[in-house]
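Right, one structure below, let's go through it.
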Number of protein chains: 2
Amino acid sequence: MINLNRDTVVPLYHQLSEILKELIQSGQIPAGTKLPSERELMDRYHLSRNTVRQAIDLLVHDGFVYQDHGKGNYSIGPFLNIQYRIDTFVEHSEFLRRVGSTPTYKNFGTDEIVAPEEVRKALRLGENELVVCFTKLFFANNEPAILTLDYLPRKLLGDNYDRTGSGDAYIRLLEEINGRMVKFTLSDIVAMNATQEIAEYLNLTPGSSILLFQETFLDPSKNVPLGFASNYYHPNIHFRILRHRLNP
Amino acid sequence: MINLNRDTVVPLYHQLSEILKELIQSGQIPAGTKLPSERELMDRYHLSRNTVRQAIDLLVHDGFVYQDHGKGNYSIGPFLNIQYRIDTFVEHSEFLRRVGSTPTYKNFGTDEIVAPEEVRKALRLGENELVVCFTKLFFANNEPAILTLDYLPRKLLGDNYDRTGSGDAYIRLLEEINGRMVKFTLSDIVAMNATQEIAEYLNLTPGSSILLFQETFLDPSKNVPLGFASNYYHPNIHFRILRHRLNP
DNA sequence: CAGTGGTCTAGACCACTGT
DNA sequence: CAGTGGTCTAGACCACTGG
């Protein structure tokens, strides 16, 4: 059994949830099986009840565990594919890390173009305004995972801007340029058939179905668009969301 | 200022989160404004820090508040009214009405089959358990819009169940059978190439890309799966979601 | 430096489930 | 009844932010 490391900055509840998640993902706690009780986990890992519950909360939130009052905490079972909750977002590299892979990325150049219509509308640009488009491909364990086209109005950039798009994190570039936090994206979710070009990037057959997120990055007030990106996801990345019912 | 009621079964953290949420929704804590600090809320409502944090956690999770380490908890502001928002759901007919069309629907029969794997896992059924599958097609202005396969465990239905799946609303059928409200769905979002059969239903070319929502219907505790459905959306139906950023 | 959120402990009592 | 998760308290120390 893996033990906790108390000499690291990683919180104990996070470590415990990773241990339990691994037991679920590896099939050692199959779907429908009861987890050790919270008091048992307290004793076994020398943690307080609250810390154990923080760990379980993470697993519940991520869909690995469900709780039954008076009975116990139960495994929902392993996720077969990469999954992620889409009501939140993080940087692409962090995203790939969170779904359990090692992220890398590669730049595929920088273009100055007239803003495509969806970009122009999202960023409230004028007709024929120029934008800079950074093309990057993110890999998970060296397999292509996400193709991103990040757009920025040309006028916001100086004459000798960083042609690499400031490394892997478009969000941080946005924050640097605009001087405000990026707290939200408004994302349109589209299913599309991979074009020849996209299929080559993602190592797919042209025509196969992929998810495209067209994301408008917003400041904390949700009123000011700061940036726009098109993200093309490899089909083995799955998305999940908890939806709540509106009253009729 | 509203106060807490300590003589009710409603948890204190839930009451506090409702109070704060109302202050945000009504504009009394506008977007970007700092909330009272956690210690201030402790004093004002005579609560422990953990209870205050439980309340804030709810607001963070629901997208009303973001947290900044060392600075404070900030209001994100009231929710905008965005059409097609996928973090909420309504019945299909109501959905089509809300996007501005006239909904109709047609039943395409009822099958008793062994539960497919995704259904079995979602509903926590045993191997080879039978489910009943209701196939329906929803039209928007007489154009095919959503193909739905609604599943129910065979054992929950009597011998002479309604072969029509109780009209257009699978949710209401679920509520009738289980005796509990359907408040949530956990939805997997998948891009897929339309099969020959699906293409015929939706009047598409086979192979064209469509969105599939695989939905597990949950009771209010989010712990009990009540039903499962696969919804295939015609490409002219678009989805949008507001995502908030997680702290790294 | 004081004030903030982030983490953690060691208790307590309750409501719910099964025997 | 004993065992479970659900809620709550009253502390503590840490890391981060800003003046």
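All values reported here derive from a predicted model rather than from experimental measurement. Reminder, nothing fancy here: chain letters follow the sequence lines and each chain counts from 1.
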Next item on the list: Rounded off to whole Å, could you give me the CD-to-C1' distance for the B/E38 and D/dC16 pair?
Entry: 14 Å
Looking only at side-chain atoms of [X], point me to the closest of [options].
X	options	result
B/N73	C/dT7, D/dT7, C/dG5	C/dG5
A/R53	C/dT7, D/dG6, D/dT9	D/dG6
B/S48	D/dT7, D/dT4, D/dT9	D/dT9
B/H69	C/dC8, C/dG6, C/dA10	C/dG6
B/P11	D/dT7, D/dT9, C/dT7	D/dT7
B/R39	D/dC8, C/dG5, C/dC8	C/dG5
B/T51	C/dG6, D/dC8, C/dT9	D/dC8
B/S37	C/dG5, C/dC8, C/dC16	C/dG5

Notebook entry, point to check: What stems involve DNA chain D, if each pair must be Watson-Crick or G-U and both of its distances must be under 3.5 Å, with 3 or more such pairs in a row?
Noted result: C:1-16 with D:3-18
Notebook entry, point to check: Using a cut-off of 4.0 Å on non-hydrogen atoms, how would the nucleic acid contact of A/I56 be classed: base, sugar-phosphate, or nothing?
Noted result: nothing
Check: Does some side-chain heavy atom of B/K34 sit less than 4.5 Å from a side-chain heavy atom of B/N73?
Finding: no
Checklist line | Ion pair A/E176/A/R172, N-O distance below 4.0 Å | finding: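 No.
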Notebook entry, point to check: Are the aromatic ring centres of A/F213 and A/F239 under 6.0 angstrom apart?
Noted result: yes
Notebook entry, point to check: Using the benzene-type ring in the case of Trp, are the ring centres of B/Y151 and B/F134 under 6.0 Å apart?
Noted result: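 When the ring centroids of B/Y151 and B/F134 are compared, they turn out to be at least 6.0 Å apart.
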Check: Who passes side-chain contact (heavy atoms from CB on, under 4.5 Å) against B/H46, sequence neighbours left out?
Finding: B/R6
Check: Can a side chain N or O of A/K71 be found less than 4.0 Å away from OP1 or OP2 on C/dC16?
Finding: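 Result: no.
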Next item on the list: Answer yes or no: does a side-chain N or O of B/Y13 lie under 4.0 Å from OP1 or OP2 of D/dT7?
Entry: yes
Note to self: Would you call the rings of A/H92 and A/Y233 parallel, tilted or perpendicular, taking 30° and 60° as the class edges?
What the structure shows: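 Perpendicular: the ring planes of A/H92 and A/Y233 meet at over 60°.
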Notebook entry, point to check: When the ring planes of A/F89 and A/F217 are compared, do they come out parallel, tilted or perpendicular, using 30° and 60° as the limits?
Noted result: perpendicular
Check: How do B/H46 and B/R49 order along DNA chain D: which one's closest nucleotide is nearer the 5' end?
Finding: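 Closer to the 5' end of DNA chain D: B/H46.
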Check: Taking the nucleotide of DNA chain C with the closest heavy atom to each, which residue, A/V52 or B/K34, is nearer the 5' end?
Finding: B/K34
